[in-house]
Amino acid sequence: MSLDARVRLSRGAIDVDVSLRAEPGQVIGVLGPNGGGKTTTVLALAGILRVAEGHVRVDGQAWDDGRRALPPEQRTVGLMLADSLLFPHLTALENVAYGPRSRGVDRHRARDRAREELGRVDLLERASSRPRQLSSGQQARVALARALATDPSLLLLDEPLAALDPDTRARTRSDLATRLTAYGGITVLVTHDPLDALTLADHLVFVEDGHVTQSGTPAEVLSEPRSPYVATVVGLNLYAGEGDSRGHVTTGEGGVVVTTSPTEGRVWATIPPSAVSLHLHQPEGSPRNTWRLRVASVTVQGQSARVGLVGALPVTAEVTLESVTALGLQVGQQVWAAVKATEVRTYPR
Amino acid sequence: MSLDARVRLSRGAIDVDVSLRAEPGQVIGVLGPNGGGKTTTVLALAGILRVAEGHVRVDGQAWDDGRRALPPEQRTVGLMLADSLLFPHLTALENVAYGPRSRGVDRHRARDRAREELGRVDLLERASSRPRQLSSGQQARVALARALATDPSLLLLDEPLAALDPDTRARTRSDLATRLTAYGGITVLVTHDPLDALTLADHLVFVEDGHVTQSGTPAEVLSEPRSPYVATVVGLNLYAGEGDSRGHVTTGEGGVVVTTSPTEGRVWATIPPSAVSLHLHQPEGSPRNTWRLRVASVTVQGQSARVGLVGALPVTAEVTLESVTALGLQVGQQVWAAVKATEVRTYPR
Amino acid sequence: MRYAGRWRTRLALGVPAGLALLLLVVPLAALLVRADWARIPADLATPTVLPALRLSLTTTSCTAALCLLLGTPLAWFLARSDHPATSWLRALLTVPLVLPPVVGGVALLMAWGRKGLLGQHLAPFGVQIPFTTVAVVLAETFVAMPYYVLAVEGAMRGLDARLESVARTLGAGELRYLRTVGIPLVLPGIASGLALAWARALGEFGATITFAGNFQGRTQTLPLLVYVELERDPQVAISISIMLLAVSVLVLGVLRGRWLR
Amino acid sequence: MRYAGRWRTRLALGVPAGLALLLLVVPLAALLVRADWARIPADLATPTVLPALRLSLTTTSCTAALCLLLGTPLAWFLARSDHPATSWLRALLTVPLVLPPVVGGVALLMAWGRKGLLGQHLAPFGVQIPFTTVAVVLAETFVAMPYYVLAVEGAMRGLDARLESVARTLGAGELRYLRTVGIPLVLPGIASGLALAWARALGEFGATITFAGNFQGRTQTLPLLVYVELERDPQVAISISIMLLAVSVLVLGVLRGRWLR
Amino acid sequence: GAGTDSTGSTGRQGSSGAPGAQAQRLEGTVTVLAAASLTESFDRLKADFEAANPGVTVETSYGSSSTLVQQVNNGAPAQVIALAGAAAAEPLDKSLVKQTRTFATNVLEIAVPPGNPAGVTSVNDLGKPTVKVVLCADTVPCGKAAQATFRKARIVPNVVSKEVDVKATLAKVKLGEADAAVVYHSDVVAAKDAVTGVAIQVPFNTRLDYPVIRLADDAATKAFVAYVLSAQGLATVQSFGLGAP
Ligand SMILES: Nc1ncnc2c1ncn2[C@@H]1O[C@H](COP(=O)(O)OP(=O)(O)OP(=O)(O)O)[C@@H](O)[C@H]1O
Ligand SMILES: Nc1ncnc2c1ncn2[C@@H]1O[C@H](COP(=O)(O)OP(=O)(O)OP(=O)(O)O)[C@@H](O)[C@H]1O
Ligand SMILES: [Mg+2]
Ligand SMILES: [Mg+2]
């Protein structure tokens, strides 16, 4: 079972052109800003939308070649959308048993299977509730169970964990991880949660404005983001610039970043927020990057704080709460930011 | 404007009994497992459900006293549910302008206001789209703008950020923070994201199974969780036990935790996952807590890994990726976990 | 979720609703008030009444069944088509409502009669439709089915298309989706469509009399009997009408009360 | 989202749908085939036709307006009530469909006539309803409004109640919610209800001739003219019927095509 | 609506104030309800009468006799009612009736489709089982009369339907569904080429009287009824296939 798809179609304001490729057992994490075309891609894979051009091939079989398309019920696909879309007149159990029943499993075994799946999302005791009697998170869990109950060769999950509480989410995430490694199908997982993507996916695809802006393993993406959006997701400061042989990178806005690992030509440069130190006066000593910037925002996050800085370069710094207090950081204040040249990574654009 | 509410009603399988109290300008974060009664509480505050017993008083005015209840349109309340529930026949702009229009603002000013709100959620260019033409995240942003456009004295947000991508979420979160500090109303924010709760709320309320299990400032909750669920959310290992004067805490399952800050009687004990070190052989030296445990799960998360351990005590450890490789950690393996007694906090149950 | 309404709202909605009810209910009330109740039992004991009642109930049941079996698929096609011709087809379906019933009967004769468009091909096989109970059912179906189809189509258009998408990814073909999700979800629409169609069929007069004739026990339904009795003794006709009303209110009240909510 | 259906599915749904269409369309086709097309222009030039057409269009428009103004609130009350009596009230509303039209006319006379339940109180003020154009509208409303109310009620029951909740937290009272959200969302239901009611009113015959009489230019609508012409010259009656059909198909086709989708 | 009422009452007042009103110029509105089979004859009577009396408007409404009687009984504002058959007047509220006169008669006739496919030449042919006969219902005058005829002729026809009115009965013959129908002579005349008439011998036939009933006493109404009963009026009626009273 392998997936080879190129989805081209236009949808509302944007033209979507997304290629996906996966080997059996792989989990593809699809990320991207709202309205980028992630759901559109998923719907095309499921056969609910048809590709205008391109193709969807699973295991060599053409599900859609731009001219003829298999209807969804002839694709072995499992779908869970962000809206849980349970059948309102069926109980939770009947909802989950619907897939196996439709695929010819007898009533008894379908119900057993449904009970098993409901158990896995911890909802066995609500088996005979109707969707309207369930909370949103419970509904999402039933929808997930329903999508998993047909053992699809292509499992499409569109923000499956968004409505779950952290506890259930953690459990579902690890259960999902177990299930996904256990079965040979391919999973396409659309998510906004980097943690989901990083822990569940073998391969990440970033879709922005209908196009793939970056794809690769989580490690590749974490170390070398290639779009500002990806950088936000992985939590790095990212700059597009021109690098010279001395290790100077000049960004579009005129800022200069110095690195000890020079790359020449059009480059990306990254700085981890935790590598940024803040000072009230221009720091003396080793850091070769020092900029005078203005504090735009301070967000406390657990034991540390993220400080948004603007000026010649926009920089996000991550500092301890003590630093915030010690520096008396306030929005609008001028501070010096310093980064050691060894912390700056560059790679070709 | 102050809020004083006690919501008692029974809903499906559970009986809800939640008290909330807030002063002007406060943001109450409501957290809890799926199906706990958070949405139910919010609906009762909005006047969509009526309390069976108890009361809802805002600014001394009785919105509901268990007998007579003001209809929602006579409460100055803003509501955003997890389903965005936009009016499908109206454009995004008209959706947002609906509230001001209904409250008597003239068409022109209502639209200006709507444009302003749409701008804040970065959707001005989709102002004339209908909901079905928007992605789920875009819909959520419009719904948020709609709820904010009426300047309600009580703003009820039920998982407002769940459908947003991280970038938009971060921006919306900080925008929300700015807006919420700027206006004198009270906000009730239901969320599953601890980060949202910690960064936006002044006061956290945990609702489990219809009842408040803990409430307090974020700092209080972070340092002294009082239920297993709260501990999961704030990311601590939590044990209920009996403490003696020597600093020994005996947990229900028979495990013993040693602390340097003894509390006598029924106590809670917490251990930060990052304080747990793992060893292949019984460690010598200072740590006074050592347990032989079995690895139940390993989850990689960025540069670190969370290791779930079971045995005399269930423990979650957070270790670096290098440790995982060095120890060759695998599920099922036996390891020693060590925690310094200074890292264990205890406080009365 | 029900709200305490405000006075002004109650008035603004209640007054027109009350007027509507008045327009519909006052004539019925008048009929009941003016009826000679003492005579009703005797009037209903007339030997012609029972066969007509029986015939009315059988033929309208057949009509309802035909609507359900044939009309539901038609409604489905109409609901899911977005071809521009659909709205014309839909308009065409309302024609039997517009046609003066007698003309409708004539049209039916022209179609199914001995020399009719289709009837002339049936006659050689000894199949003769006019003047039979089948003709009554055909006439009733002709006037009643449009109500059913239009009501059900409306309900089907209201279905969330995404539910079908989900059902199909779960392996359900169109038929299975319809059977297990589509139809159960429009059951209220189907029930109200059936009620409309059944009631219309029960009251059907013009097309039946023209197409099927008026033969006791074979084609004389209650409305035909009412008409005939109107010539002879209007009081009897009114008594029978009141029974007709009672039957319909009873059947609809009981069935809908049971099936809906 | 439309799917390529499978052969078996097409057949299983297409055959009954086709049969339904056959039952409805063949009689109309027969009427058209058998009509004497050459004569139609001359038949329609009869001086009685134009006033009847005009009267039919005015009275049915009035009826449609009454349905809209009075029937919509009634439908709303029915839709949101979950009182057990509602299903009986709903059953009561279907009575005008069941009542043989002539009896309906008699009932209307008993209500609004000079000696009627209400009419006797109106008569002293010089208000006389029978035999006037108002009577035509009343008769048409009596038979047509139930269709409207039931169709719209069904559509209103399908509304997502949570949208009302949201609208109300935004400050909209029940009336404003209805005007700005409820009604716009059931517009398809309202349109199809109006189409049903209008078509039924256009074809109304029995109650009208009984309650309003058959006066040229005042109460003689097209179906009444058809009745009279059937006596005099059936061909003319059929020509007029065909015009009636054409008018209804045209009006419904154009209006629905414009308003729906 | 108000127009009918006010002019009608004016007419009534006029008559009570001036007994010898015929000589004067008549004014007012006369509302006439007539059986549907009288449509053409009363349209002509109306036109002629209005031409002779420019101040009078005659308003005619045609319907089935039973409908007309219901209307009058329930207080519909009518001044004259003309029915097909005296029996139809039975349910009429007698307190409303000012005067009843017979203005025309009718006799039964057999109607057969053009070409007479079943070869019906007399009443006796209706006794053949191969001939499909439609009749009016037993409660309707033409049905009652037909039954009487068969009794007198001692035949039992193959009746396939008993229609509620003459129109429905004739329609069956016109469309060829039935081989013969027993209707009135005037109906056969009115149907023109669509059917052929076969006379029924006098001994078996039954005569039907057409009453014109006056429900008001005003001058215009009296004048209209008098005109119907005048020689000119009767001639007009007879020109449409009805017989002399
Ligand atoms: N039915 C539709 N008609 C027209 N345009 C649409 C429709 N559905 C979506 N769009 C538009 O297509 C684009 C892609 O939408 P899509 O739902 O694929 O985004 P997404 O990546 O899933 O976003 P999100 O993260 O918010 O769910 C968006 O700009 C959206 O506004
Ligand atoms: N309409 C209803 N009828 C009956 N029971 C209901 C209904 N809605 C919710 N419930 C039940 O009431 C309980 C509380 O539901 P509620 O929606 O308040 O939970 P929640 O805390 O918002 O959960 P989540 O985080 O999943 O949104 C749940 O057990 C749910 O199953
Ligand atoms: Mg999406
Ligand atoms: Mg909830």
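Side chains included, hydrogens not; waters and symmetry mates left out as well; all remaining heavy atoms used. Below, chain A is the first sequence line, B the second, and so on; all start at residue 1.
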Rounded to the nearest 0.5 Å, how far does CG of Asp193(B) lie from CZ of Arg169(A)? 7.5 Å
So, taking the atom named OG1 in Thr191(A) and the one named CG in Asp165(B), what distance separates them when rounded to the nearest 0.5 Å? 11.0 Å
Greatest number of heavy atom pairs closer than 4.5 Å to chain A - which of [options]:
options	value
Asp158(B), Leu31(B), Leu164(B)	Leu164(B)
Ala162(B), Pro33(B), Ala82(B)	Pro33(B)
Pro166(B), Ser297(B), Gly32(B)	Pro166(B)

Can you tell me if CD on Glu125(B) sees more than 12 non-hydrogen neighbours from other groups inside 6.0 Å? yes
I need the minimum non-hydrogen distance between Asn34(A) and Thr168(B), along with the two atoms involved. OD1-OG1, 3.7 Å
Residue-level interface, residues 133-144 of chain B with chain A, non-hydrogen cut-off under 4.5 Å: Ser135(B), Ser136(B), Gly137(B), Gln138(B), Arg141(B)
